[in-house]
Amino acid sequence: MSHPHPELGPPPPLPEGGLRVVPLGGLGEIGRNMTVFEHAGRLLIVDCGVLFPEETQPGVDVILPDFTWIRDRLDKVEAVVLTHGHEDHIGGIPYLLRERRDIPVVGSKLTLAFVAAKLKEHKITPATIEVAEGVRRGFGPFDLEFVAVNHSIPDGLAVAIRTAAGLVLHTGDFKMDQFPLDERITDLRAFARLGEEGVDLFLTDSTNAEVPGFTTSERDLAPAIEEVFRTAPRRIIVSSFASHVHRIQQVLDAAHHHGRKVAFVGRSMVRNMGIARDLGYLQIPKGLVVDLKALEKLPDTKITLICTGSQGEPMAALARMANRDHMIRVGDGDTVLLASSLIPGNENAIYRVINALTRWGANVVHKGNAKVHVSGHASAGELVYCYNIVRPSNVMPVHGEWRHLTANAALAIRTGVAPDRVVLAEDGVVVDLVDGRASISGKVPAGLVYVDGMTVGGATEASLQDRRTLAEGGFITIVALVDADTGALTEPPDFLARGFVHDDTTFTSVVPIIERVLAKAAQEGIGEPHQLEQLILRAVSRWARDLYRRAPIIVPIVIEA
Ligand SMILES: [Zn+2]
C-alpha cells in the first residue's frame with residue numbers, strides 16, 4: 001500500500017493526458033464527501049457533502065469541504081455529480097453554488113428532488129441534469145456512465161468516468177442487498193462489463209470494510225418491526241433518518257397491517273416523505289397517513305408517529321419530546337422505536353434521549369435490544385466480491401476513517417491487486433493516474449471549514465479552542481486605569497468574571513501582582529497599553545493556574561488616564 005508522506009508539498013503540473021483525483025473530504029473521516037477529478041484542464045466534482053460537528057466543536061452547525069483548491073477555477077467545473085441524496089453527499093451543494101450558481105448538478109430523480117428542496121431553503125434554483133442507471137453522457141472531456149447501486153436511500157448511483165487517461169469507477173455509498181424493497185439491486189453485471197473493459201482506478205466505499213461477511217437485507221428487519229406493532233399497548237413513536245424511505249415504508253406497512261394511522265412529525269420528515277410519495281418511491285395506502293391533529297383524536301392504540309431525531313439531535317422532534325418541549329407528550333405505555341444507526345460521536349446524545357423517554361414510562365426499542373437496523377454499506381464480503389468482479393488495476397479506498405480505508409485496502413490486496421497499486425490517501429492528498437498507474441503526487445489544502453450561524457469559514461480552529469477554554473475555565477476581564485506619565489494604577493483595577501468561580505475577595509490577591517508588573521514595566525520604559533495588557537495577561541494567567549488550577553480566557557484592558 002502506498003501511504004501519503006507527511007511532508008507532501010503542492011503537486012507538480014499534471015502530465016498531459018493524465019487524470020488527477022483530489023479528495024477534498026470523506027477520506028480519514030465519515031462525512032463531507034467530495035472528490036474532484038481534473039483532466040485536460042477541466043474539472044468534475046463527485047459529491048459535495050457536510051460533516052456533522054462533534055461535542056468538541058461547540059457552536060458549529062456543519063463542517064464543509066475546503067474549496068480553496070478549486071476556488072479560482074470554478075469556471076472550469078463541468079458538473080457536480082451526486083451519487084445519492086444523503087447529507088454527507090449533498091449538504092455542501094448550497095455553499096458550492098453560492099460560489100458559482102450555474103454549475104450543472106447531475107443526479108438521479110430522487111437525489112435531485114432532495115437537493116432542490118434543500119436549495120429552495122437557500123433561495124437557489126439549481127441547473128439540474130437528471131440521469132438514471134444505464135445513461136451515458138459526456139461532460140467536457142469526462143464521459144460518464146451511471147450504474148444502479150443499492151444503499152440506505154433509494155436511487156443511488158455509482159459513476160464510471162471515462163477519460164483519455166483511463167476508466168475510473170466510483171461506487172459512491174453502496175451495499176449489495178439482494179432483496180431490496182424496490183428490487184433495484186447493485187448492478188454487478190455492469191460492474192463486470194466495466195471490469196472486462198478494464199477499470200484503471202476503482203474508488204470504493206470503505207465504511208464497513210472492517211465488518212466481516214455480508215450486510216443483511218433491509219427485509220430482515222420486518223419481524224422486529226412487526227413485533228413492536230403486535231405488542232405495543234399504546235402509541236408507537238418511530239424515529240428514523242428522514243431519507244430512509246425503505247425503512248419508513250416497512251413501518252407504514254406494519255402500521256397499515258395493524259389498523260393504525262400514521263402522522264409524520266418534523267420538517268425534514270414531512271418534506272422528504274412528501275417528495276418520496278409524489279415521485280413514487282414511497283407507497284402509502286389510502287387513508288393511512290393523516291395530519292397530526294386528526295391523529296390525536298384517535299385512541300392511543302391507533303396511533304403511529306414517525307419523526308426525526310434518531311441521532312439525538314437536540315432540536316429534532318424526538319429530543320424535544322424527551323425534554324417535554326413538544327406538543328406530543330410521551331408517557332406510560334408508549335413505545336418508541338429507534339429504527340436507525342448509532343453514528344459514532346452521537347452516543348451520548350442518543351442515550352440521553354433514550355434515558356429521558358424511559359423515565360417518562362416509554363418502552364424504547366433500539367438496535368441495542370432488537371434487530372431494528374441494518375447498515376447501508378457493503379461489508380468485507382461484498383467488497384471482496386466487487387474486487388473479484390471488477391479486477392481493477394489500481395484501487396483507492398474512499399469514504400471512511402483511517403481504520404476503514406486501511407481495512408478496505410487490505411481486502412483489495414487479498415484479491416490480488418498489487419500492493420503498490422493500492423493508494424491510501426486522505427483529504428487533500430493528490431492522486432494522479434498516468435500511463436495506467438495511480439500514485440500520490442502531492443497535497444493541497446483540505447482543512448475543516450466551519451459553518452457557524454450565517455458565517456462560513458469565520459469560525460476557525462482558534463475560535464473553537466477559545467470556546468473550549470471558555471467552557472473549561474470561564475473568563476476574566478481586567479480593566480486597569482493607568483497614569484500615562486508614571487505607568488501606575490490610578491485606582492484599583494476592575495474585575496469582571498463569568499464561569500470562573502469567584503467571590504468578593506477572589507481577586508484581592510492578584511491586585512498586588514498587577515501593581516508589581518506595572519511598576520516593573522514603568523522602570524523598563526514600557527508604556528504602550530497593548531504591551532501592558534500582554535504583561536497583565538501573562539501574570540494573571542499564572543496566578544489563575546497556580547492558585548485555582550484553571551486556565552480561563554483573560555481579557556485585560558489598559559486605559560491611560
Ligand atoms: Zn449514504
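Read the numbers this way: they start at 1 and go in the same order the structure lists the ligands and their atoms.
- Across His377, His151, His170, a single residue satisfies ring-ring contact (aromatic ring centres under 6.0 Å, His included) together with His399, and that is His170.
- For the Zn ion (ligand 1), the set of nearby N, O or S atoms under 2.8 Å includes none belonging to His89.
- Taking the Zn ion (ligand 1) as reference, Asp173 places its N/O/S atom OD2 nearest.
- Closest N/O/S atom of His86 to the Zn ion (ligand 1): ND1.
- The existence of a salt bridge linking Glu130 and Lys109 is excluded, since no basic side-chain nitrogen approaches an acidic carboxylate oxygen closer than 4.0 Å.
- Arg391 and Glu196 are not joined by a salt bridge, as no carboxylate oxygen comes within less than 4.0 angstrom of a charged side-chain nitrogen.
- Aromatic rings from Phe174 and His84 are positioned such that their centres are separated by 6.0 Å or more.
- Comment: Glu121 does not engage Lys118 in a salt bridge, judged by the lack of any side-chain N to carboxylate O separation of less than 4.0 angstrom.
- Coordination check, Asp88 versus the Zn ion (ligand 1): failed, since every N/O/S atom of the residue sits at 2.8 Å or beyond.
- Put simply, His377 stays out of reach of the Zn ion (ligand 1), with no N, O or S atom under 2.8 Å from it.
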